[in-house]
> 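One structure follows; several queries about it will come next.
Keep in mind that the numbers below use all heavy atoms, side chains included, and drop hydrogens, waters and symmetry copies.
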Amino acid sequence: EARKILSGVEKTTSYVRNIHEGKAGTIKIGFISSSISGFLQTLVLAHRNKYPNVKIEMEQSISNRISDGLLENEFDIGIERIPVTLTAGLIAHDMPPESGSVAINENHPFAKRKQVRISDLKDQDLIFYPRWNGPDGYDDVMSMFREYGVEPNIVQEAPAQMTIAGLVASGIGIGVVPECMAKIKVANVTHRKLQCTKGRTGFTLITREKKDLLVNQFLDLAMMTKID
């Protein structure tokens, strides 16, 4: 009996030591739908390989909800897109920027092109996410259309990127999506770069200003990890 007690004490002491050294514990991540294009998987896999005893809990959400969750300690890290307006007490750690693109049905005439101009989208049926899903990104894209004198004809809204892809495959319209979504292959859907959008968007990791060791380790690894 004494040996069991001693063994239990040793295990508890070892676990506490590992937590103190950042080798054990839990990180809670809130992420937006476009991060499933490979960004989220790459970071989580790299982290699990280096810190196998640190548990990662993940929840898909929307931009505003992620910010609220960080402030309420429901999340430790939020994966969002720039541009994003930060709430007091939060800080952004930007990842390499990317361009915008369009998801088009393979039977659409634009599928024969190498790139699509913003002006080409005039009078096209478009699919985009609702403003409540990410106000800053939504407003930025609408501003982009105005810069080129285009009044976007949004015929369908969808909060998740894979839903947008499914609607494109169904012939509903053209999806305005981040470039990374081209990595996910969907039947009858192809992607083309949207001209003049280079560096306009990209992922950012949002955290509280006061970060613990586990979060700092995740951020350090994220900055060193190559995202294809």
> Once rounded to the nearest 0.5 Å, what's the spacing between atom OG of Ser101 and atom CD of Gln115?
11.5 Å

> Decide yes or no on side chain to side chain contact (heavy atoms under 4.5 Å, CB included) for Thr201 and Asp140, but give the supporting numbers first.
CA-CA 9 Å; Thr201 186; Asp140 184 65; over 6 Å; no

> Would you find a donor on one side and an acceptor on the other, under 3.5 Å apart, between the side chain of Arg65 and the backbone of Asn133?
no

> Using a 4.5 Å cut-off on heavy atoms from C-beta on, say whether the side chain of Arg113 contacts that of Asp120.
yes

> Check whether any side-chain heavy atom of Met223 sits under 4.5 Å from a side-chain heavy atom of Met95, and report yes or no.
yes

> Using the rule given for side chain to side chain contact (heavy atoms under 4.5 Å, CB included), can you reason through Thr225 versus His47, listing the C-alpha separation, both sets of side-chain angles and the distance that settles it, and then say yes or no?
CA-CA 10 Å; Thr225 300; His47 189 273; over 6 Å; no

> Okay, side chain of Thr207, backbone of Ile77: is any donor-acceptor separation there less than 3.5 Å?
no

> Nearest 0.5 Å, what's the OG1-CG distance between Thr204 and Leu86?
7.5 Å

> Got a donor-acceptor contact below 3.5 angstrom from the Gln217 side chain to the Leu214 backbone?
no

> Looking at Arg192 and Ile104, what are the two nearest heavy atoms and their distance?
CG-CD1, 3.9 Å

> Is there a side-chain hydrogen bond (donor to acceptor under 3.5 Å, both in side chains) between Asn153 and Asp125? Walk through the geometry before answering.
CA-CA 6 Å; Asn153 178 37; Asp125 291 342; 2.9 Å; yes

> Answer yes or no: is there a donor N or O on one side and an acceptor on the other, between the side chain of Arg208 and the main chain of Leu70, under 3.5 Å?
yes

> How close do Val186 and Ala169 get, counting heavy atoms only, and between which atoms?
CG1-CB, 4.5 Å

> So if you build clusters from Ile, Leu, Val, Met, Phe, Trp, Tyr with side-chain heavy-atom gaps below 4.5 Å, do Ile82 and Phe31 land together?
no

> Does CD belonging to Glu151 count more than 12 external heavy atoms closer than 6.0 Å?
no

> Measuring from atom CH2 of Trp132 to atom OG of Ser63, what distance do you get when rounded to the nearest 0.5 angstrom?
12.0 Å

> In terms of hydrophobic clustering (I, L, V, M, F, W, Y; side-chain heavy atoms under 4.5 Å; direct or indirect links), are Val116 and Phe145 co-clustered?
yes

> Does some side-chain heavy atom of Lys114 sit less than 4.5 Å from a side-chain heavy atom of Lys193?
no

> Flag yes if Val44 and Ile32 sit in one hydrophobic cluster, no otherwise; membership is Ile, Leu, Val, Met, Phe, Trp, Tyr, and two members link when side-chain heavy atoms are under 4.5 Å apart.
yes

> Within the 4.5 Å heavy-atom criterion, are Val168 and His108 side-chain neighbours or not?
no

> Going from NZ on Lys198 to CD on Glu179, what distance comes out if it is rounded to the nearest 0.5 angstrom?
10.0 Å

> What pair of heavy atoms forms the shortest contact from Thr197 to Gly100, and how long is it?
OG1-N, 2.9 Å

> Any sub-3.5 Å donor-acceptor pair from Tyr138's side-chain atoms to Pro130's backbone N or O?
no

> How about Gln161 and Ser33: does a side-chain donor come under 3.5 Å of a side-chain acceptor?
no

> Using a 4.5 Å cut-off on heavy atoms from C-beta on, say whether the side chain of Phe203 contacts that of Leu43.
no

> Checking Arg200 against Glu147 for the salt bridge (Lys or Arg N to Asp or Glu O under 4.0 Å) test, could you report, in this order, the C-alpha distance in whole Å, the side-chain angles of both residues, the deciding distance, and whether it holds?
CA-CA 14 Å; Arg200 190 133 189 171; Glu147 289 173 15; 3.4 Å; yes

> Assigning hydrophobic clusters by single linkage (Ile, Leu, Val, Met, Phe, Trp, Tyr; side-chain heavy-atom cutoff under 4.5 Å), is Ile56 placed with Leu205?
yes

> When you compare the side chain of Glu98 with that of Cys180, does any pair of heavy atoms fall below 4.5 Å?
yes

> Give me the atom names and distance for the closest heavy-atom approach of Val84 to Glu80.
CG2-OE1, 3.3 Å

> With rounding to the nearest 0.5 angstrom, report the CD to CD1 distance, Gln60 to Ile79.
11.0 Å

> One pair to check against side chain to side chain contact (heavy atoms under 4.5 Å, CB included): Ile206 and Phe75. What are the steps and the verdict?
CA-CA 10 Å; Ile206 310 294; Phe75 299 132; over 6 Å; no

> Tell me the closest heavy-atom pair linking Ala111 and Thr190, and the distance in Å.
CB-CG2, 4.2 Å

> Would you mind reporting whether Leu90 and Ser67 have side-chain heavy atoms less than 4.5 Å apart?
yes

> Compare every heavy atom of Ile164 with every heavy atom of Tyr129, then report the nearest pair and how far apart it is.
N-CD1, 4.2 Å

> For the pair Gln41 (side chain) and Ile36 (backbone), establish whether a donor and an acceptor sit closer than 3.5 Å, ignoring hydrogens and angles.
yes

> Are Ile154 and Val176 connected, step by step, through hydrophobic side chains (Ile, Leu, Val, Met, Phe, Trp, Tyr) whose heavy atoms are closer than 4.5 Å?
yes

> Kindly compute the distance separating CZ (Phe110) from NE2 (His191), expressed to the nearest 0.5 Å.
15.0 Å

> Report yes if the side chains of Val177 and Ser34 come closer than 4.5 Å at any heavy-atom pair, otherwise no.
no

> Does Glu74 come within less than 4.0 Å of Lys28, counting only side-chain N to carboxylate O?
no

> Walk me through it: do Gln156 and Ser170 pass the test side chain to side chain contact (heavy atoms under 4.5 Å, CB included)?
CA-CA 12 Å; Gln156 180 71 53; Ser170 301; over 6 Å; no

> For the aromatic rings, using the six-membered ring if either is Trp, is the centroid distance between Phe218 and Tyr51 under 6.0 Å?
no

> Step by step, work out the salt bridge (Lys or Arg N to Asp or Glu O under 4.0 Å) result for Asp76 and Lys211.
CA-CA 8 Å; Asp76 299 306; Lys211 306 180 292 296; over 6 Å; no

> Between Asn105 (side chain only) and Val189 (backbone N and O only), is there a donor and an acceptor less than 3.5 Å apart?
no

